[in-house]
Each structure stands twice: as structure tokens, then as C-alpha cells.
Number of protein chains: 2
Amino acid sequence: MSKERVTVIDIARAAGVSKSTVSLVLQGSHLVNAATRDKVNAVIRELGYVYNRGAANLRQSRAKSGIIGVVVNDLTNSFFAELAVGVDDVVQSAGYVQFLSNTGENIDRQRQVIASMREHGISGLIISPARGTEAADLKPLTASGLPVVLTVRNIAGAKVSTVMSDNRAGSSAATEHLLKLGHRRIAYLGGFDDTAVHEERLAGYRDALQAAEIEPSEELVISSAPSRAGGVDAIGRAMTVAAPPTAAVCFNDAVAFGVCDGLRSRGMEPGRDFGVVGFDDVIEAKTAVPALTTVSVDPQGTGRRAAQLLLKQINSGSPAAEAIITSVRLVVRQSCGAGSSAYPERKAS
Amino acid sequence: MSKERVTVIDIARAAGVSKSTVSLVLQGSHLVNAATRDKVNAVIRELGYVYNRGAANLRQSRAKSGIIGVVVNDLTNSFFAELAVGVDDVVQSAGYVQFLSNTGENIDRQRQVIASMREHGISGLIISPARGTEAADLKPLTASGLPVVLTVRNIAGAKVSTVMSDNRAGSSAATEHLLKLGHRRIAYLGGFDDTAVHEERLAGYRDALQAAEIEPSEELVISSAPSRAGGVDAIGRAMTVAAPPTAAVCFNDAVAFGVCDGLRSRGMEPGRDFGVVGFDDVIEAKTAVPALTTVSVDPQGTGRRAAQLLLKQINSGSPAAEAIITSVRLVVRQSCGAGSSAYPERKAS
DNA sequence: TGACAGATTTAGAACGTTCCAAATAATCTG
DNA sequence: CAGATTATTTGGAACGTTCTAAATCTGTCA
């Protein structure tokens with residue numbers, strides 16, 4: 001069933017020209033006569049020729065494989081799926097193809113995946129690193145001249161371009177909003193201690209409290225896994241302190257959903273009895289009940305930004321690392337208690 | 001910054017051996033003396049050599065690029081993200097790397113993406129085709145001997161291996177369940193008319209009605225986009241007929257969520273005033289309020305199955321197309337009204 | 001010690017493309 | 001129509017690997 005591979009030489013022979021001419025046609029060169037071009041193209045179609053990019057790359061000094069590698073740490077999180085879609089969008093229209101891999105937070109797998117991508121000669125890499133990735137892991141990549149864009153999670157000391165959202169400002173805005181609603185004991189829940197994102201969001205939270213001249217209480221800052229389960233856990237611990245909080249800024253939406261679950265299981269209704277704010281604005285945030293007040297970061301937009309930056313870097317061969325911070329905005333819905341009028345009345349038609 | 005590429009010859013020179021020996025080392029051949037192997041490996045690490053798979057593939061007749069192409073029609077739908085994770089899982093542990101692309105239901109983009117993948121010499125392809133894909137589109141692929149596995153959506157007349165879920169049985173079970181709860185006017189909502197999946201699920205719905213000796217009413221079968229918005233639209237139309245339904249079997253979970261939205265906006269609570277059943281069991285189904293009764297198809301499992309089948313095909317060079325139908329099961333939660341006792345009482349602690 | 005077997009190593013020809021330099025064909029120019 | 005351009009076409013040498021066949025080395029045995 002599997003035929004012999006048909007090569008540029010086969011089609012040259014069939015079309016009665018030289019392989020050089022065929023190559024020229026393949027590259028859409030204007031040097032070749034229209035008539036021969038058409039004939040060659042006809043033969044190409046007829047024989048079902050498929051271009052061997054590997055062979056071509058071999059010859060071209062500035063290897064343009066046309067592949068962009070994308071590495072994400074958790075594809076099951078819709079945030080990253082959306083990010084990938086954003087990247088794919090830009091990358092495809094620029095004529096590249098995307099090579100997406102999921103590390104599932106496994107750093108060994110990440111190493112493996114990146115090695116594999118390099119072997120295949122990717123022209124650039126966009127990465128949302130797995131937990132525990134260090135600057136040293138990226139060093140060999142950039143050293144070899146591979147354009148790299150770091151996104152979502154920053155890595156201390158990495159000398160690469162980054163596209164990050166403004167975590168500090170977002171978290172600060174979320175906290176301010178809760179303050180404005182009258183809350184005074186506001187918790188910060190969820191997130192792993194050792195990640196840069198967590199640090200930044202926590203800093204934003206503290207900024208807002210400080211600005212309101214409220215002494216931040218350490219017992220109201222509770223870290224946990226950045227997942228729904230982590231949220232349940234965090235709110236559980238938060239409610240046991242001497243003076244429990246009346247609202248919480250959460251590390252991300254998953255945690256916020258978990259916090260809502262936890263509140264309900266103790267007989268409290270989020271948005272009515274307790275203010276909850278998330279971060280990310282995943283798709284479900286809008287449609288959950290109560291709809292989640294959250295900081296919107298537009299994952300697709302972030303992906304597109306990252307892709308654009310990478311392409312720019314590829315095309316210019318620019319060695320200068322650029323840092324883009326994408327702005328975020330607070331989307332007020334029901335879980336914080338602000339838009340409450342829209343929610344409880346829904347029962348009767 | 002970008003250094004000269006270091007090749008097998010460079011490392012041969014540095015290690016004082018021939019390129020052939022280096023090649024042997026690279027392939028982990030036992031023919032090479034342990035001492036030289038170690039020396040070569042040391043030099044490899046030292047010079048930061050990266051293997052050029054393109055060049056290698058050029059030489060190897062049975063081109064083992066080690067890339068598996070995965071094409072999905074909508075990555076923003078978490079079903080497909082999960083599917084990709086399942087594929088990646090199997091594929092990575094088999095030493096392959098995944099090349100994931102999203103077509104966004106755009107058939108031109110799909111053509112483009114597949115062409116690109118072929119140029120890069122993928123060893124196999126797993127595809128959930130975009131709407132409108134025809135058997136003729138897959139013909140050239142299989143004709144060239146490329147192993148292909150079709151999943152999620154079938155294509156009439158395509159002579160390739162498939163991994164599909166048992167749509168008919170699932171839909172039938174969902175319908176039966178609603179009948180058992182006492183519903184007699186059950187609608188079938190959502191899905192595009194011209195897709196095989198829609199046909200199958202609709203057939204299952206009719207099977208169940210027939211078995212219960214209920215004459216299916218055509219006005220209760222309403223197709224729409226297979227999205228949340230489509231669901232809102234479909235339920236809107238369904239409620240305007242002379243004798244409106246009291247429950248609905250939905251094309252997929254997204255539609256089901258839309259139906260819930262639509263019901264609420266007309267003052268009806270899904271699970272209490274109207275039975276809703278979805279299909280797919282996406283992650284949000286479990287945690288939505290009310291939790292969605294749905295047909296579970298295990299997207300990751302499907303992905304793993306598809307990947308296994310593809311690998312089997314690659315390794316055996318087997319020309320025989322195989323059709324796997326994965327079984328599904330109804331997961332009863334609250335939206336159908338069956339498990340209702342758990343839901344409304346939640347208010348008080 | 002010379003020949004033989006096994007263990008290692010190696011030169012050089014592929015693989016399918018691009019690119020350079022040079023050849024050939026076609027068209028002008030006066 | 002010769003010479004000069006310009007438009008097309010073309011050999012053949014790369015590119016970085018693998019593979020085959022053959023070369024070299026190392027002991028061993030008679």
C-alpha cells in the first residue's frame with residue numbers, strides 16, 4: 001500500500017525539466033516561465049507529491065522549519081486551552097504550524113518535550129513553564145539562539161521575553177472592590193507559595209489593604225493547591241480563625257469555585273453571605289451560579305500577544321528580551337455581592 | 001548570539017573518532033566500546049549538541065519522524081482539550097511527540113494543517129474532522145500509506161480506522177431515563193443536521209421512544225449550533241410549539257447548559273420544572289448547578305484509545321481498518337429531576 | 001609467531017532539497 | 001545580423017545523518 005516516496009527528481013523527469021526548475025517552482029520563484037510552472041504544478045498534483053521539509057531545512061542555513069513549539073503546564077485547564085487557541089490563531093495565519101504539548105506540571109516531561117521539539121528544529125518556543133522550572137532550564141535554549149517567549153508564569157532570572165498579565169494590579173483592584181463594598185476582614189486564598197504569580201497577586205492584595213490603611217493579618221492569607229479542591233480546603237481553614245473573614249480574594253477561578261462549594265457546605269451562600277472574587281475569568285465564570293466576580297485576563301488574547309512577540313523575534317533575529325504586561329480588568333458579577341439585585345429574584349417569572 | 005550549529009562531525013573531531021562512531025553512539029548501539037561511548041557522550045554534552053532529526057529522517061527509508069499529528073475541530077471545547085491530553089499521554093510514553101492543531105471547524109484550515117503535517121513527515125494522524133470533511137479528503141492520506149485514525153466524528157465512506165463512542169446507545173439510555181421519570185413529551189435539542197454524530201444520537205432518541213410506543217413528534221426535534229448559544233435558541237423554539245415538552249435530550253453538554261440558561265430566563269428551574277440531559281460529561285457537568293445528568297464518554301479515554309490504535313497501526317504497518325466503539329454510560333445527577341432530593345434543600349445548614 | 005575470530009571503528013555513498021555559478025534560449029539594439 | 005541584454009534553465013556541490021561494506025585492532029590458539 002505504501003508507495004515509494006515521490007521526490008522532486010521524479011517530478012522533474014515526468015515534466016521534462018531539471019530538479020532545479022522544480023525547486024524553483026516549489027518556492028514560487030518568478031524566475032520560471034509561466035508555461036513550465038503550470039506543467040510542473042500539474043505533474044506535482046498528478047503524482048501526489050509531498051514536499052519534504054526536512055530535506056529542505058537541511059540545506060537552508062537559517063533553518064526555517066516553520067514550526068512553533070508551545071508548551072503548557074495543564075491543558076485540561078481551559079485557560080491554557082484558550083491560550084493555545086490564541087497562539088494557533090496568529091501562528092497559523094503567519095504560515096507556521098503549532099506543535100503543542102502538555103507537561104501536566106511534570107518537569108521531566110517538560111524537559112523531554114522541549115528536547116524533542118528542538119530536535120525537530122522548531123523556529124521558536126512559547127512556554128508556560130511547569131512548577132519548579134528554573135532559569136537554568138531555559139539557558140541552553142536561548143544560548144543556542146532559539147527565540148523563546150515565557151508566558152503566564154514568570155521565572156526569576158530568566159533572560160527571555162515575557163508576556164504576563166498584570167497580576168498585581170488585578171488582585172489589587174479585586175481587593176479594593178471588596179473594600180468598597182464594606183468588607184474589612186478580607187482573606188487571600190489559594191495558590192502555591194513558591195510561584196511568582198502567587199507572589200504578585202498576593203502583593204496586589206496587600207497593596208490595596210495598605211492603601212485603605214488596614215493592617216493585613218497573616219492568618220487570613222492561606223495558600224493551597226490552585227484547584228477547586230484547594231479552594232475548599234482553604235476556605236475551611238479560613239473559617240476556623242478567631243475572627244473569620246467576610247470575603248475572599250482567590251488565587252484563581254478554580255479556587256474561587258472551590259471556595260463557593262465550601263461555603264455552601266457550611267450553609268453560606270456565596271454572594272449573599274460572603275464575598276468571593278476569582279482571577280482569570282475562565283469561560284464557566286460567566287455562567288456559574290452565582291456568576292463569578294473575577295479579574296479577566298483574556299487567555300486567547302494573551303496567546304495571540306505571545307505569538308506575535310515570538311514572530312517578531314524570529315523575524316528580526318532580535319536578541320533584546322521584551323517584557324509585555326497585559327492589562328486586566330475586574331468583571332463584577334454576583335459572587336462578590338455587588339450585583340446581588342440581579343440574582344435572588346430570579347425564582348419567580 | 002546564535003552560534004554555528006554543532007554537528008555530528010564537530011563532535012567526532014572533538015572526541016577523536018569518526019562520525020560513524022558518533023552516529024552509533026547516538027543510536028545506543030552495543031557495537032561501540034563503553035569507553036568511547038562515554039567519551040563521545042561527554043563531548044556531546046559539552047558542546048551542547050542537538051540531534052537533527054530532519055537529517056536523520058532523510059536517510060532512513062522507513063521514515064520514523066516520531067511525530068503524531070492530532071487535528072481537532074474545536075479546542076476551546078474542553079471535550080477536545082481532554083481528548084488531546086489523552087492522546088498525548090499515550091503518545092508521549094511511546095516516545096512520540098504530538099503535533100496538535102485546531103481547525104476551528106474551518107475546512108480550509110484543516111486542509112492546510114494536514115498538508116503542513118505531512119510535509120513534516122508525521123508518522124500518523126488522529127483526526128476529529130471539521131464539519132463538511134469528506135471521505136475524499138482523507139483518500140490521499142491513506143493512499144500514501146499514512147496511518148490515520150478518525151475519532152469523535154465519523155465520515156461516511158472513509159476507509160480508515162475509527163474510535164467512536166456509542167452515540168446511539170447513549171442517547172437511547174438518556175431518553176429511556178426521562179421516560180422512566182414519567183416524561184412523555186421529550187424534545188431532542190441541538191446539533192447540526194448534516195453530521196453523523198447528530199444522526200446517531202437522534203436515532204437513539206427515536207429508538208427509545210419507539211420502544212415505549214410513543215409516536216415521535218417532529219416538532220420536538222430541533223437542531224441548532226452545538227453550543228451554549230445554540231441551546232438557548234433551541235429551547236426557545238421548543239417552548240413555542242402547541243404542546244411544549246417537559247424534558248429534553250440535548251445533543252451535547254454545551255447545548256444542555258444553554259437550555260438551562262434559556263429555562264431560567266423564562267422562570268423555570270432545570271431539574272425541578274423541566275428535565276435536561278446532556279451528552280459528553282465535560283468537566284463542568286459535575287459541578288454546575290444543577291449538576292448535569294449526562295452521558296459520559298470519557299474524552300481522555302477516547303484519546304488514549306485512538307492513540308493506542310494508531311500506534312498499533314504504525315508498528316504493524318497493518319492495512320486493516322479497525323473500528324472501535326467505546327461504550328458510554330448515563331450519569332444521573334440533578335438536571336433531569338431524578339436526584340432532586342439533594343438539591344433544593346441545600347439552603348439551610 | 002601467524003592465522004583466525006570477534007570486537008570496534010571507519011570511509012564514503014546515499015537521502016531530498018536548495019543554492020551558486022554557469023549555460024542556454026529568447027529578445028533587443030542599432 | 002552581430003553583439004548585448006534579459007529571461008530561463010540547469011549541473012553539481014552542499015546540508016547532517018544513517019547504512020553498508022570494509023578496515024583495523026585485539027586476543028587466542030596451534
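The nearest whole Å value for the distance from the CZ atom in A:Arg5 to the P atom in C:dG16 is 6 Å. Atom CZ of B:Arg37 and atom P of C:dT8 are 10 Å apart (whole Å). Distance CG (A:Asn52) to P (D:dC15): 18 Å, rounded to an integer number of Å. Following rounding to the nearest Å, A:Leu31 (CG) and C:dT24 (C1') show an atom-to-atom distance of 15 Å. Rounded to whole Å, the distance from CG on B:Leu26 to C1' on D:dT17 is 9 Å. One interatomic measurement links the two molecules: CD1 of A:Ile11 to P of D:dT9, which rounds to 13 Å at whole-angstrom precision. If you take CZ of A:Arg53 and P of D:dC15, they are 21 Å apart, rounded to a whole angstrom. With rounding to whole Å, A:Tyr51 atom OH is found 19 Å from C:dC15 atom P.
Within the structure, every side-chain polar atom (N or O) of B:Ser20 is placed at least 4.0 Å from both OP1 and OP2 of D:dC19. The phosphate of D:dT17 has neither OP1 nor OP2 within less than 4.0 Å of any side-chain N or O from B:Ser23. Here A:Ser18 reaches the OP1 or OP2 of D:dT10: one of its side-chain N or O atoms lies under 4.0 Å away. For D:dT17, the OP1/OP2 oxygens have no side-chain nitrogen or oxygen of B:Gln27 closer than 4.0 Å.
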Can you check side-chain hydrogen bond (donor to acceptor under 3.5 Å, both in side chains) on B:Arg118 and B:Ser144, steps first, answer last?
-> CA-CA 10 Å; B:Arg118 291 185 74 195; B:Ser144 73; 3.2 Å; yes
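Heavy-atom contacts from other residues, nucleotides or ligands closer than 6.0 Å to CZ of A:Arg305 number 12 or fewer.
For B:Arg59 and D:dT17, a side-chain-to-base donor-acceptor distance below 3.5 Å is absent, hydrogens and geometry of angles not being considered.
Residue-level contact check: B:Thr21 touches the bases, meaning some heavy atom is under 4.0 Å from a base atom.
Closest to the side chain of A:Leu58, out of C:dT9, D:dC15, C:dT18, is D:dC15. Picking from C:dG16, C:dT9, D:dT17 the nucleotide with the shortest atom distance to the side chain of B:Thr7 gives D:dT17. Here the side chain of B:Leu24 is nearest to one of D:dT10, C:dT9, C:dA13, namely C:dT9.
Considering CZ of A:Phe80 and OG1 of A:Thr151, their distance stands at 8.5 Å, rounded to 0.5 Å. Once rounded to the nearest 0.5 Å, the distance linking CD1 of B:Ile127 with CD1 of B:Ile114 reads 4.0 Å.
With hydrogens and angles left out, the side-chain atoms of A:Ser23 and A:Ser20 include no donor and acceptor closer than 3.5 Å.
Mapping A:Lys19 and A:Val32 onto DNA chain D via the closest heavy atom, the residue that lands nearer the 5' end is A:Val32.
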